[in-house]
Amino acid sequence: MIQSQAAPQQASDDIAVTLKGVNKWYGDFQVLRDINLTVQRGERIVICGPSGSGKSTLIRCINHLESHQEGTITVDGVTLSDKMKDVEKLRRDAGMVFQNFNLFPHLSVLDNCILPQRRVLKRSKAEAREVGMKFLTRVRIPEQADKFPGQLSGGQQQRVAIARALCMEPSLMLFDEPTSALDPEMVGEVLETMVELAGTGMTMLCVTHEMGFAREVADRVIFMDAWQIVEENTPDAFFDNPQNERTQNFLSQIL
Amino acid sequence: MIGFLQSIFGEFYGKMIFILLDATQYTIYLSLVAFIGGGLIGLVMTVLKILPNRATRIFATSYIWLFQSIPLLMLLFLIGLGVPSFFKVDVSPWLAAGISLTLFTSAYMSEVWRGALESVPNGQWEGARALGMTFRQTLLDVIAPQALRIATPPTVGFMVQVIKGTSMAYIIDFTDLMRWGKKIANSQVPGAEPFIVFPIVALIYFALCFPLSQWSKAMERKQALGKTR
C-alpha cells in the first residue's frame, strides 16, 4: 500500500479501488472507522465479519449508494464526493449484486437486462438484446429469458441479477451477501457462477459468510468487527492462523 | 328520449326523470373536470414531493395539507362567494365549482400516488441506481410502472368521492343533478315531494358510482391474484 502511494502515476492503472481514512456516521453513531484498503485490478477480496460490523456499509460506500463523511474513496481513478455530477458513470463501472436481488418485477428477465443498457449505455434494442442473451447464457439460464422474476427460484433470480450487472460491462463487481437470502440448496449455483466470474479476471469485492468460497477464490480475506478492519490476510493464513483474538472467536463460531 | 321515458313512467314522472337525467350530464362534466384537473395538478404535486429538493417538497407538502384540511364546502364558499365579493369580480358557478373540486381532488390524488410510489421497495431504487440509471430514468422506467399498478384501484375508487363531492356545488348555484332534484322537491307540486324525488336522485348517483367501485374492487382482486404468480 505504501509503495503504491509513493508511485501513484505508475500504479494507478493497476488499482481498482482505494479507500483512505474513511469514516462514516449515522447521526452520532459511527458505522465505519478509519477504513484503509487498496484493491488491485483483478483482485478478489472477501469481506467477512459479524452482522452489523459495517461490511455492507463499506461496499455500499464504494458505489456511493451511501455517502461517507471523512476520508477519500477512489474508484477507477475517480474520487467520490457529494458534489459529484457523474456518479452514474462510476456506478456503471461498478456492478452490484444485492442480497435481495432487486430485479424489476414488472419486466421479464431479458428486459431486466435490456433496460439499463438502453438507458445508461444508449445501446440499440438489438444490441442490448444480444448482450443480454450472452450473459444470461453465461449464467446458464437463457431459457428463462421471457419469464418474470417472480416465476424463478431465488438462485435463478440472483444469477439473473449477476447477468444484469455484467451486461453493463463493469470493471469491478460488488457483492453484498449474495447468498444470504437463498435457501441452502440454491447457494451452490450462485457461488458457482461467482467462481466462474472470478475465473474471467474480474475484480471482485464480496461480502459473504461463505468461507468455502473465500478459501477457493479470494486473494485476500478482510475481517471486520465493530466498524473497522481488524485483520486482512491471504485465505490460507487467515483461516489457518488467524492473528487477532476477535477473528479467532468469529472463525470458531462459523466454521 | 323524453317520449320514451314518458311511455314507461307516465307523463309527469317521465318528464321529472328526464329533467333529472338531463341535469346529470353536468354532474358528469364537473366530475371529469375535477378528475382531469385534479389528476394533472396532483401529478405535479406528487413529483414535487418526491424530488430530492427541500423547497419543492415543502411547497407540495403545504399544498396537500392545506387543501386536505379545508372542507370542500368551505372551498366552494371561498371561491364561489368569497372571492367575488372580496375582489369585486364575477366568478361563474362553473369556474368556482371546477376550481374547488380540482383543488380538493389534486390534494387527495397526490397523497394516493405518493403512497403508491413509496410502497415500491427501496431496493428497486438501489437496484436501478446501482446500474447507473439516473433519478429520472429510475422513476419513469422502474418505480412508476410498479406504482401505477398499486395506485389504480384507489384512484378509481376516489372517483366515487369526486362524483359525490360535485353534489355540494349546488350551494353556489351550479346547475347539476343535485340542484334540479332540490328544485323539483321544493316545487310544492303534488307527486314531487322530497320523499319521492330524492330517492330518484340517490338512485342516479348510485348508478354512476356503483360501477366505478365495482371496477376498482375487481382490479384489486386481479392484483391480489397477480401477486401470487
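The chains referred to below are lettered A, B, ... by the order of the sequence lines, with proteins before strands, and numbering in each begins at 1.
Within a 6.0 Å sphere centred on CH2 of B/W94, other residues, nucleotides and ligands contribute more than 12 heavy atoms. No more than 12 heavy atoms of other residues, nucleotides or ligands lie within 6.0 Å of NZ in A/K125, so this atom counts as exposed by the packing criterion. Residue A/R123 places its CZ atom among more than 12 non-hydrogen atoms of other residues, nucleotides or ligands, all under 6.0 Å distant. Atom OH of B/Y26 sits in a sparse spot, with 12 or fewer heavy atoms from other residues, nucleotides or ligands closer than 6.0 Å. Residue-environment remark: CD (A/E130) stays at or below the threshold of 12 foreign heavy atoms within 6.0 Å. Residue-environment remark: CZ (B/F4) stays at or below the threshold of 12 foreign heavy atoms within 6.0 Å.
Using a 4.5 Å cut-off between heavy atoms, A/L103 touches chain B through its backbone atoms (N, CA, C, O) alone. Proximity to chain A is limited to the side chain of B/Q137, based on heavy atoms less than 4.5 angstrom apart. Proximity to chain B (any heavy atom under 4.5 Å) is restricted, for A/F98, to the side chain, taken from C-beta onward. When heavy atoms are compared at a cutoff of 4.5 Å, A/A94 approaches chain B solely by way of its backbone atoms N, CA, C and O.
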Under 3.5 Å, side-chain donor or acceptor atoms of residues 59-67 of chain B against the rest of the protein: list the pairs with distances, not counting sequence neighbours.
{"unit_1": "B/T61", "atom_1": "OG1", "unit_2": "B/R57", "atom_2": "O", "d": "2.6"}
{"unit_1": "B/S62", "atom_1": "OG", "unit_2": "B/I58", "atom_2": "O", "d": "2.5"}
{"unit_1": "B/Y63", "atom_1": "OH", "unit_2": "B/S106", "atom_2": "OG", "d": "2.7"}

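At distances below 3.5 Å, at least one donor-acceptor pair connects side-chain atoms of A/H106 with backbone N or O atoms of B/D141. A donor-acceptor pair is defined here as one N or O able to donate and one able to accept, closer than 3.5 Å; no such pair exists between the side chain of A/E88 and the backbone of B/R129.
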Could you walk me through whether A/R60 and B/E126 pass the side chain to side chain contact (heavy atoms under 4.5 Å, CB included) check? CA-CA 10 Å; A/R60 288 163 61 86; B/E126 290 190 345; 2.5 Å; yes
After noting the C-alpha distance and the side-chain angles of A/V120 and B/T134, does the key distance pass the side chain to side chain contact (heavy atoms under 4.5 Å, CB included) rule? CA-CA 8 Å; A/V120 180; B/T134 61; over 6 Å; no
Apply side chain to side chain contact (heavy atoms under 4.5 Å, CB included) to residues A/R164 and B/L131 and explain how you reach the verdict. CA-CA 9 Å; A/R164 182 176 73 174; B/L131 287 159; 3.5 Å; yes
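Of the listed residues A/N63, A/D93, A/L65, the one with more heavy-atom pairs under 4.5 angstrom with chain B than any other is A/L65.
Taking every heavy atom of both residues into account, A/P105 and B/Q146 meet most closely at CG-OE1, 3.2 Å. Across B/A130 and A/M96, no two heavy atoms sit closer than the pair CB-CB, 4.1 Å.
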